[in-house]
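All values derive from a computational prediction rather than experimental measurement. Proteins come first, then strands; the chains are lettered A, B, ... in the order of their sequence lines, and each starts at number 1.
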There are 2 protein chains.
Amino acid sequence: MAGNRAPTIYDVARRAGVAASTVSRAFSRPGRVAAGTADRIRAAATELGYRTNPVARATATGRTSMIALIVTDVTDPATAELLRGAQEAAGAAGFTTVVSDAQDDGVPQREALERALSTVDGAVVAAPHAPDTALRSLVAQRPAVLLDRMLDGLPSVVPDIADGMRRLMAHLAELGHEMVTYVAGPADAWADGMRRRGLRQAGCEYGVQSRRIGPFPATIAGGMTAAGELLRRPTTAVIAYDDLIAIGLIRALTARGILVPQEVSVVGFGNVAASALITPGLTTVASPLRAMGALGVHNLLGLLDGSGSAATDALPVRLVVRGSTAHRRRNPASAGRGSLIVSGAGSYLPVATL
Amino acid sequence: MAGNRAPTIYDVARRAGVAASTVSRAFSRPGRVAAGTADRIRAAATELGYRTNPVARATATGRTSMIALIVTDVTDPATAELLRGAQEAAGAAGFTTVVSDAQDDGVPQREALERALSTVDGAVVAAPHAPDTALRSLVAQRPAVLLDRMLDGLPSVVPDIADGMRRLMAHLAELGHEMVTYVAGPADAWADGMRRRGLRQAGCEYGVQSRRIGPFPATIAGGMTAAGELLRRPTTAVIAYDDLIAIGLIRALTARGILVPQEVSVVGFGNVAASALITPGLTTVASPLRAMGALGVHNLLGLLDGSGSAATDALPVRLVVRGSTAHRRRNPASAGRGSLIVSGAGSYLPVATL
DNA sequence: GTGAAAGCGCTAACAG
DNA sequence: CTGTTAGCGCTTTCAC
């Protein structure tokens, strides 16, 4: 067991016969040093097994080359995808990523967050449901870019929800649907507001009527609850706030013997993995999550080195058509079963009324 | 825009009328400083808005209070759950987590990994399919704990697979199954070896025969491929390497008109979210992922401060029974359809042969 | 219990 | 292009 501390630039300098600062330059800004010298230094370095010490570099420069990825739920598949994109971009740019899962706003998490923030140069934040104030206090500490959400004039990267809604409407209109129900997500969610606005516009554009129920929690359970309310006044098509609600809806409808998509078409937002696995597959709007994550760190890095605009980018979405949408049926009998009567109020699915 | 650099211990020291070293002590080892002085210091600190600078502390101590969470796929739901557990435990212990997604072993990722490793005190590694050599070179650099996998004598935290297999067998035996097919995962996967061994033992124990097909990639596609091979010589029960393969199997079987669970019972390992969402729900073995992640960092931290044993812990699993398993049918006709004849080879499901 | 002083390993002017 | 010289902010002996 030799007491081998890790080699430093001084060790390399001695071995290469140059000054420590030259070694430093050779690594931190190649080109500022003569080719021959650089070679000698590199050689000495590899012989010694020298590796630059990021921590020491950080004390000297005040920049750690780390960025925080602050999320509210690593477990959420969409978040994971954002993370991956962010990770890749950060890695490619020579940045290390610190992940902070803020979850519930418990005190310990808060400390962890503070700790994380105080070591990084900036942050990319994917916290769809976090309170505005939390975000604001966060961006006060470090440059930050928001993901999948806008707030004030803060730089952010979002999916083009309006466009997604338009595509959805176009799809449903083409299938003959004349009236859709929007099953709203959390009332305070930025995305919900965007969906509502997009819904209104797209509805106009395609001559499709719409009404809204909710808000509901953005979970499968939420969707199942929503099914009950939906059936009090059914429509042939339903746009859910997100995939989880859509999945919950499909489950609850199916459980009641209502056929999806024969009797009701259901669409979601997100394109989570599960939407391809359920039966029927869920027609949904896919956000370019990976790209959003990557662009988020790209923009953040731009902010950090001053080359950046603090703008908001909206990335194009994609409509993924699966089995949960179908042409509006004029003859519900052919659907096989007709168990559409619900509750004493005795409403029917419009398509079933004839 | 005042040129306000962040306050340092010197600022606090001046304001509190003490030496900088005292301020340092007050924060790094409370108790080594008189109560009154400590109060004065704390007061000055909060007035100034002082926050300890982790980077500077790290240069001085050589320890960053950061640990790396090295994973091969943040997007994998199991990995995400491990991450969360690890994150929580790390945060609670005052450690910040650096996440490094090693994915494919591309060069850029490798550099990113090196960079990450060189800043942390240790690492928790969730890389089920990474080559042994990669892991070994990794643990050579920093203390590390493996998750969901064993290698040599390296410290690790794993689920008790043998026990999971036993529970599975008990369940299937109770349902009357006398013969199961094990659909193997990647041949080099540690978990696959464990499953095979567990299978043999548990088979003995419960008097259930078993055979093995594979290896198959641990994906839905892999499971769908496996279905073909399974049907060349069907059994009434199938144990899949993991949930994804199980889901693929169920899809392919269902697509061929074979009823799960009426004709074939299918079980998996993992209890991923999708296993609750598909129809029928998947009976599966759930690993305590969150706890494993947490225990992983706990053990790592023990290693770091010397208080720890470099042992391997096997955590208890849980059998989650859903709809994909059922009693072995003696009368296949009652299953509704009987499309069990497959391929020209003309084999039948044993249960269908009578 | 507290202060003084010497680093940690690197970068950043500033001269040559 | 390269060497010299100061630090970065904190911890840590070693005295007092």
message: If we count only N and O atoms by modelled type, under 3.5 Å, do the side chains of A/Thr312 and A/Ser156 hold a donor and an acceptor together?
response: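 On atom types as modelled, these side chains qualify, holding a pair under 3.5 Å.
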message: Just by distance, no angles: are the side chains of A/Asp121 and A/Thr64 close enough, under 3.5 Å, to form a donor-acceptor pair?
response: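 Their side chains do contain a donor-acceptor pair, which is all the 3.5 Å distance test asks for.
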- request: Run the salt-bridge test on B/Asp305 and B/Arg63 with the 4.0 Å N-O cut-off and return the result as yes or no.
  value: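 Result for this pair is no, no salt bridge flagged.
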query: With a 4.0 Å cut-off, would you call B/Arg84 and A/Asp76 a salt bridge?
result: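 Between A/Asp76 and B/Arg84 there is no salt bridge, as every charged N stays at least 4.0 Å from the carboxylate O atoms.
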- request: Summarise protein proximity over nucleotides 9-16 of chain C in one line of letters, 5' to 3': B for base, S for sugar-phosphate only, - for none, counting protein heavy atoms closer than 4.0 Å.
  value: BBBBB---
Ring pair (Phe, Tyr, Trp, His ring centres under 6.0 Å) pairs, two or more places apart, involving residues 15-54 of chain A: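 Found A/Phe27-A/Tyr50.
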query: Just how far, in rounded Å, is P of D/dC10 from CG of B/Asp11?
result: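 That distance rounds to 9 Å.
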message: Distance check needed: C/dG1 P versus B/Ile41 CD1, whole Å only.
response: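 Spelled out: CD1 on B/Ile41 to P on C/dG1 is 13 Å.
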